[in-house]
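Take a look at the structure set out below.
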Number of protein chains: 2
Amino acid sequence: MKIGELAKKLNCTVETIRYYEKIGLIPPSVRDQNNNYRHYNQNHIERLSFVRHCRALAMSHEEILELLTAREQDGASCEKIDLVIDNHLKHVSDRISELQQLEKQLHTLRKQCKTPGANQECGIIQELDSPIDSNIQGLKNSNHVSGSH
Amino acid sequence: MKIGELAKKLNCTVETIRYYEKIGLIPPSVRDQNNNYRHYNQNHIERLSFVRHCRALAMSHEEILELLTAREQDGASCEKIDLVIDNHLKHVSDRISELQQLEKQLHTLRKQCKTPGANQECGIIQELDSPIDSNIQGLKNSNHVSGSH
DNA sequence: TAAACACCCTGAAGTGGCTTTAGGGTCAAG
DNA sequence: CTTGACCCTAAAGCCACTTCAGGGTGTTTA
Ligand SMILES: [Zn+2]
Ligand SMILES: [Zn+2]
Ligand SMILES: [Zn+2]
Ligand SMILES: [Zn+2]
């Protein structure tokens with residue numbers, strides 16, 4: 001299978017696949033000796049599918065590598081696998097909590113504009129001009145699940 | 001006021017302040033002629049405070065610039081300001097919805113591991129090995145509010 | 001047979017919002 | 001007169017890609 005076909009099958013771009021190969025998230029593809037085109041066998045397809053499945057669940061590359069490593073430990077129990085998922089689930093729910101806090105604060109801010117009028121009197125601007133309320137903490141960027149943009 | 005003092009006051013790093021100056025999010029600081037140290041007056045402090053306030057609410061630099069521009073349009077009404085907040089509020093609530101979807105899917109996935117045992121039989125791995133369920137869409141990276149990590 | 005068009009390749013740079021690193025200069029206290 | 005806290009710059013690194021520039025290949029159709 002050529003790269004374009006694989007990309008369609010897995011609903012990603014060819015650039016993404018080449019990028020994964022470059023950083024070693026998937027093994028190197030086999031090249032056509034005539035034209036240097038990449039070719040993929042069932043093994044490649046399954047591995048990439050696994051990776052895309054994990055990415056669709058917003059796991060980081062690091063987490064994915066942990067899963068792939070743990071999976072290949074023959075005979076070991078699946079504790080590590082379960083732990084990766086548990087931790088990642090916490091990443092997601094932590095971020096949800098943060099964003100919900102943010103949502104509240106933005107609602108409050110929005111209500112400061114009682115009746116739209118001149119810029120300078122807008123309650124939103126007045127609020128933003130004032131020092132930051134200690135309730136607002138912003139997003140922690142230690143969490144790999146990203147914010148809202 | 002020197003940069004370190006300002007950073008403490010606004011609860012950010014000196015590097016962040018220098019970075020904002022570099023990209024033009026805040027105007028250039030005044031320099032001490034002897035040692036080239038940055039110095040800040042009340043104007044600078046207010047502007048940076050406004051920016052940090054917006055960042056704590058997870059607004060993008062672009063959104064902040066829109067607010068700053070709209071604020072300086074003397075006599076204009078505050079419609080633009082309100083719109084920026086409304087749009088950003090939607091960014092945040094859209095991301096919350098996405099992450100809640102994700103959270104559900106991760107819960108479902110986690111339950112696939114009924115009783116921890118050998119890797120290969122772990123329901124989590126089996127699920128991740130199978131094709132992506134069409135219910136899973138992953139995060140849209142068109143939204144500037146980031147994910148969970 | 002030649003032009004058009006879809007596909008493939010590479011390497012480098014750009015995205016956002018910073019943080020980190022490397023390599024220095026300045027200043028007050030002990 | 002040295003220690004340590006502070007300041008400076010330019011460049012690279014972070015993540016997970018995307019975009020760009022420049023070119024090769026392969027099939028179809030006029
Ligand atoms: Zn995670
Ligand atoms: Zn208003
Ligand atoms: Zn926004
Ligand atoms: Zn398990």
Side-chain angles (χ1 to χ4, degrees), chain A residues 1-26 28-40 48 51-65 88 91 95 138-149, chain B residues 1-26 28-40 48 51-52 54-66 88 91 95 138-149:
Chain A
M1 195 183 300
K2 282 190 288 176
I3 196 167
E5 203 186 340
L6 181 56
K8 239 173 232 166
K9 197 181 171 76
L10 296 179
N11 198 31
C12 66
T13 70
V14 297
E15 287 82 12
T16 299
I17 299 176
R18 288 198 282 244
Y19 169 70
Y20 286 168
E21 181 176 329
K22 196 175 181 181
I23 64 167
L25 198 52
I26 57 173
S29 50
V30 176
R31 300 304 185 101
D32 185 311
Q33 292 201 315
N34 296 325
N35 54 21
N36 199 33
Y37 285 10
R38 289 173 176 84
H39 280 276
Y40 298 90
L48 184 54
V51 169
R52 292 304 296 172
H53 201 149
C54 293
R55 284 296 300 141
L57 295 165
M59 292 182 215
S60 67
H61 288 177
E62 199 184 344
E63 287 167 332
I64 297 171
L65 285 173
H88 181 57
H91 298 155
R95 185 65 90 190
L139 303 181
K140 285 168 200 150
N141 41 10
S142 57
N143 185 333
H144 77 106
V145 181
S146 54
S148 50
H149 290 132
Chain B
M1 194 182 301
K2 281 191 289 178
I3 195 167
E5 203 185 338
L6 182 56
K8 240 173 231 165
K9 197 181 169 81
L10 296 179
N11 198 31
C12 67
T13 70
V14 297
E15 288 80 14
T16 299
I17 299 177
R18 288 198 281 245
Y19 170 69
Y20 287 168
E21 181 176 329
K22 195 176 181 181
I23 63 166
L25 199 53
I26 56 172
S29 50
V30 176
R31 299 306 184 101
D32 186 311
Q33 292 201 314
N34 297 323
N35 54 22
N36 199 33
Y37 286 10
R38 290 175 176 82
H39 280 276
Y40 298 90
L48 183 55
V51 169
R52 291 304 298 172
C54 292
R55 283 298 299 142
L57 295 165
M59 292 182 216
S60 66
H61 288 176
E62 198 183 346
E63 288 167 331
I64 297 171
L65 285 172
E66 279 170 29
H88 180 57
H91 298 154
R95 185 65 88 187
L139 303 180
K140 285 169 201 154
N141 40 8
S142 56
N143 186 333
H144 77 107
V145 182
S146 53
S148 50
H149 292 132

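Every chain is numbered from 1 and lettered A, B, ... according to where its sequence line falls, protein lines coming before strand lines.
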Length of the NE2-P vector between His39(A) and dG26(D), whole Å:
10 Å
Phosphate oxygens OP1/OP2 of dC17(D): is one of them under 4.0 Å from a side-chain N or O of His61(A)?
yes
Phosphate contact (dT18(D) OP1 or OP2) by Thr16(A) side-chain N/O below 4.0 Å:
yes
Side chain of Arg18(B), heavy atoms from C-beta onward: which of dC17(D), dC8(D), dC18(C) has the nearest atom to it?
dC8(D)
Glu21(B) CD to dT9(D) P: how many Å, rounded?
8 Å
Does Ser29(A) reach the side chain of His39(A), with side-chain heavy atoms less than 4.5 Å apart?
no
Whole-Å distance, Glu15(B) CD to dG13(D) P, equals 18 Å
Whole-Å gap separating C1' (dT9(D)) and CG (Asn36(B)):
9 Å
Pairwise 5' ranking along DNA chain C for Ser60(B) and Asn34(B), keeping only the more 5' one:
Ser60(B)
Over all strands shown, is Ile23(A) touching base, sugar-phosphate only, or nothing at heavy-atom distances under 4.0 angstrom?
nothing
Would you please classify the geometry between the Tyr19(A) ring and the His61(A) ring as parallel, tilted or perpendicular, with 30° and 60° separating the classes?
tilted
Using whole Å, report how far CG of Leu6(B) lies from C1' of dC6(D).
15 Å
Could you tell me whether the side chain of Arg55(B) reaches within less than 4.5 Å of the side chain of Tyr20(B), counting heavy atoms only?
yes
Taking only side-chain N and O atoms of Asn35(A), does any of them lie within less than 4.0 angstrom of OP1 or OP2 on dG26(D)?
yes
Of the listed dC7(D), dC8(C), dT9(D), the closest approach to the Arg31(B) side chain comes from dT9(D)
What is the minimum heavy-atom distance between Ile26(B) and Leu48(B), and which atoms define it?
CG2-CD1, 4.0 Å
Which sits closer to the 5' end of DNA chain D, Leu25(A) or Asp32(A), going by the nucleotide each is nearest to?
Leu25(A)
Looking at Thr13(B), does any N or O in its side chain come under 4.0 Å of the phosphate oxygens OP1/OP2 on dC18(C)?
no
Is any side-chain heavy atom of Arg38(A) closer than 4.5 Å to a side-chain heavy atom of Leu6(A)?
no
Could you pick out which residue, Lys22(B) or Lys2(B), lies toward the 5' side of DNA chain D when each is mapped onto its nearest nucleotide?
Lys2(B)
Interatomic distance, Ile3(B) CD1 vs dC27(C) P [rounded to whole Å]:
16 Å
Whether Arg55(A) contacts dC17(D) is assessed here as follows: a side-chain N or O lying under 4.0 Å from the phosphate OP1 or OP2. Is that the case?
yes
When only distance counts, do a donor and an acceptor, one from the side chain of Tyr20(B) and one from the base of dG17(C), lie under 3.5 Å apart?
no
Report, as yes or no, whether the 6.0 Å neighbourhood of atom CG on Asn11(B) holds more than 12 heavy atoms from other residues, nucleotides or ligands.
no
hbond_proxy Tyr37(A) side chain to dG26(D) base (donor-acceptor, 3.5 Å cutoff):
no
Proximity to the side chain of Arg52(B) - top-ranked nucleotide from dT19(D), dT10(C), dC18(C)
dC18(C)
Determine: side-chain N/O of Arg38(B) to OP1/OP2 of dT9(D), distance under 4.0 Å, yes or no.
yes
